[in-house]
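Just so it is clear, the model here is predicted, and its values are computed rather than measured. To find a chain, count down the sequence lines: A is the first, B the second, and so on, and within it residues start at 1.
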Protein chains: 2
Amino acid sequence: MSHHTIDYIQRIRDSGHRMTHQRQIVLDAVCSFNRHATAAEILKRVHEIAPAINQATVYRTLNFLTEIHLLFSGTIDGQTIYEIATPTPHHHLICRKCGHIAALPDQCFADLIQQIKTEYQFLPEIDHWAITGLCADCQ
Amino acid sequence: MSHHTIDYIQRIRDSGHRMTHQRQIVLDAVCSFNRHATAAEILKRVHEIAPAINQATVYRTLNFLTEIHLLFSGTIDGQTIYEIATPTPHHHLICRKCGHIAALPDQCFADLIQQIKTEYQFLPEIDHWAITGLCADCQ
DNA sequence: CTGCTTGCAAACCATTTGCATCACT
DNA sequence: AGTGATGCAAATGGTTTGCAAGCAG
C-alpha cells in the first residue's frame with residue numbers, strides 16, 4: 001500500500017467528513033494499482049477485497065475522495081480514471097499494444113506551455129495527460 | 001457548410017456503402033459547428049434540421065462515418081467528440097470559463113514529440129488534443 | 001445523540017441492438 | 001431486384017438517486 005493511512009484519515013476529518021471502513025478500502029484499492037485505474041477496475045478490486053461493499057458506495061466514495069482532492073480524476077479514451085493525488089503533476093505514456101505505462105515528468109511540458117502562453121495568450125491547465133502510442137518493445 | 005458534398009458522397013460509395021439523406025444531414029450537422037461537437041450536440045442539431053431522423057440512426061451514422069475516416073472522433077472530459085477529418089491533425093485550446101475554442105497547429109508538439117521519442121523510446125500518437133485552461137479574456 | 005454514510009433497489013440516460021420495412025444503386 | 005440503411009421499440013450497462021437503517025464522532 002503506497003499511502004500512509006493516518007494522513008488520509010486526517011485529511012478526510014479535516015474536510016469535515018468521517019473515516020469509514022468503506023472509504024479505507026476504496027483508498028487501498030485505488031493505491032494498489034500503483035497507476036491510474038478506471039472506476040470499473042477499482043470496483044472490481046474493491047469487491048475482491050470486500051464483496052459486501054455496495055457499488056453505489058464505491059462510486060460515491062470515488063467522487064467524494066476526488067472532491068476533497070485525495071484522488072486525482074481524469075479522462076482517458078472516454079473512461080474516467082482515478083489515482084492518488086500527488087503534489088506535483090505527472091503524466092503517462094501508455095502503449096496501446098501492450099498496455100505498458102511509463103511516467104512523464106511535468107517538466108517536459110514546460111516549453112509547450114510557455115509557447116502556448118506567449119503565442120496564444122492562453123493559460124493551459126495541464127494536470128494529467130495520458131499520451132498513447134507505442135513503447136520501445138512494441139514498435 | 002464547410003464540406004464539399006460531392007467528395008463525401010464519393011468517399012462513402014468508394015467504401016462500398018450508400019449515400020442517404022440521413023447521412024447527408026448528419027454530415028451537415030457535424031460541419032455546421034465548425035468545431036468538434038459531442039454526440040448529444042450533433043443529435044440535437046440533426047433534430048432541429050430533420051426531426052424525423054431516428055436517434056439510433058444518428059449514432060449509427062456517427063460510428064459509420066468515423067469508421068470510414070470521414071469524421072474524426074476523440075474524447076474530451078469523458079465525452080466523445082466528433083469533427084470532420086482533416087488531412088493534418090490539429091488541436092484545440094478550450095477555455096474552461098467562456099468555452100472559447102482556438103486551434104493549435106500540430107507543429108507545436110514537434111519538440112515534445114521529439115523529446116519523448118529520444119528520451120523515452122516511446123512513439124507517441126498525438127492525433128487530437130484538447131487543452132483546457134483560460135483564454136486571454138478570462139485570465 | 002446527531003446526522004453523515006451506507007446498502008438496497010429503482011431510476012436514469014446515453015448508446016446499442018433485433019427485426020421488419022424502406023430505398024439506394 | 002437485392003441488400004444495405006432506417007425506424008421503432010426494447011434492451012443494455014455504467015452511474016446516480018431516494019430512502020430507511022447503520023454507525024462514526
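Residues satisfying the ring pair (Phe, Tyr, Trp, His ring centres under 6.0 Å) test with B:Phe72, not counting sequence neighbours, are B:His128. Residues meeting the side-chain hydrogen bond (donor to acceptor under 3.5 Å, both in side chains) test with A:Thr86, sequence neighbours left out: A:His90. Considering only residues two or more places apart in sequence or on other chains, A:Gln114 meets the side-chain hydrogen bond (donor to acceptor under 3.5 Å, both in side chains) condition with none of them. The salt bridge (charged side-chain N to carboxylate O under 4.0 Å, His left out) test applied to B:Glu67 returns no partner, not counting sequence neighbours. Every residue meeting the ring pair (Phe, Tyr, Trp, His ring centres under 6.0 Å) condition with B:His17, not counting sequence neighbours, appears here in chain and number order: B:Phe64. Take A:His69 and apply the ring pair (Phe, Tyr, Trp, His ring centres under 6.0 Å) test, not counting sequence neighbours, and it matches no residue.
The separation between B:Gln24 atom CD and C:dA23 atom C1' is 16 Å, rounded to whole Å. If you take CD1 of B:Ile25 and C1' of D:dT6, they are 13 Å apart, rounded to a whole angstrom. For the pair B:Ile53 CD1 and D:dA5 P, the computed distance is 15 Å after rounding to whole Å. Rounded to a whole Å, the CD atom of A:Glu67 is 14 Å from the C1' atom of C:dC4. In this entry the distance linking CD1 of A:Ile68 with C1' of C:dC4 reads 14 Å, nearest Å. To the nearest angstrom, P of D:dG14 lies 13 Å from NE2 of A:His47. B:Gln22 places its CD atom 10 Å from the C1' atom of C:dC22, with the value rounded to the nearest Å.
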Between the protein and nucleotides 12-15 of chain C, which nitrogen or oxygen pairs come in under 3.5 angstrom?
residue	atom	partner	partner atom	Å
C:dT15	OP2	B:Tyr59	OH	2.1

| request: Using a 4.0 Å cut-off on protein heavy atoms (strictly under), produce a 5'-to-3' string for nucleotides 17-25 of chain D with B for base contact, S for backbone-only sugar-phosphate contact, and - for none. | output: BB-----BS
Side-chain polar contacts of residues 39-52 of chain A - donor-acceptor pairs under 3.5 angstrom, sequence neighbours left out - could you list them?
residue	atom	partner	partner atom	Å
A:Glu41	OE1	A:Thr38	N	2.8
A:Glu41	OE1	A:Thr38	OG1	3.4
A:Glu41	OE2	A:Arg35	NH2	3.4
A:Arg45	NH1	A:Ser32	OG	2.6
A:His47	NE2	A:Ile53	O	2.7

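As a member of the Ile/Leu/Val/Met/Phe/Trp/Tyr network built from side-chain separations under 4.5 Å, B:Leu123 groups with A:Leu134. Membership of the apolar cluster around A:Tyr120 extends to A:Leu93, A:Leu104, A:Phe109, A:Leu112, A:Ile113, A:Ile116, A:Phe122, A:Ile126, A:Trp129, A:Ile131, B:Leu93, B:Leu104, B:Phe109, B:Leu112, B:Ile113, B:Ile116, B:Tyr120, B:Phe122, B:Ile126, B:Trp129, B:Ile131, as traced through chained side-chain contacts below 4.5 Å between ILVMFWY residues.
Across the helix from C:dC1-D:dG25 to C:dT25-D:dA1, the helix axis at one end is tilted relative to the axis at the other end by 40° (nearest 10 degrees, each axis from five pairs).
At most 12 non-hydrogen atoms from other residues, nucleotides or ligands lie less than 6.0 angstrom from CG of B:Asp111.
The closest side-chain heavy-atom distance from A:Leu27 to A:Ile84 is below 4.5 Å.
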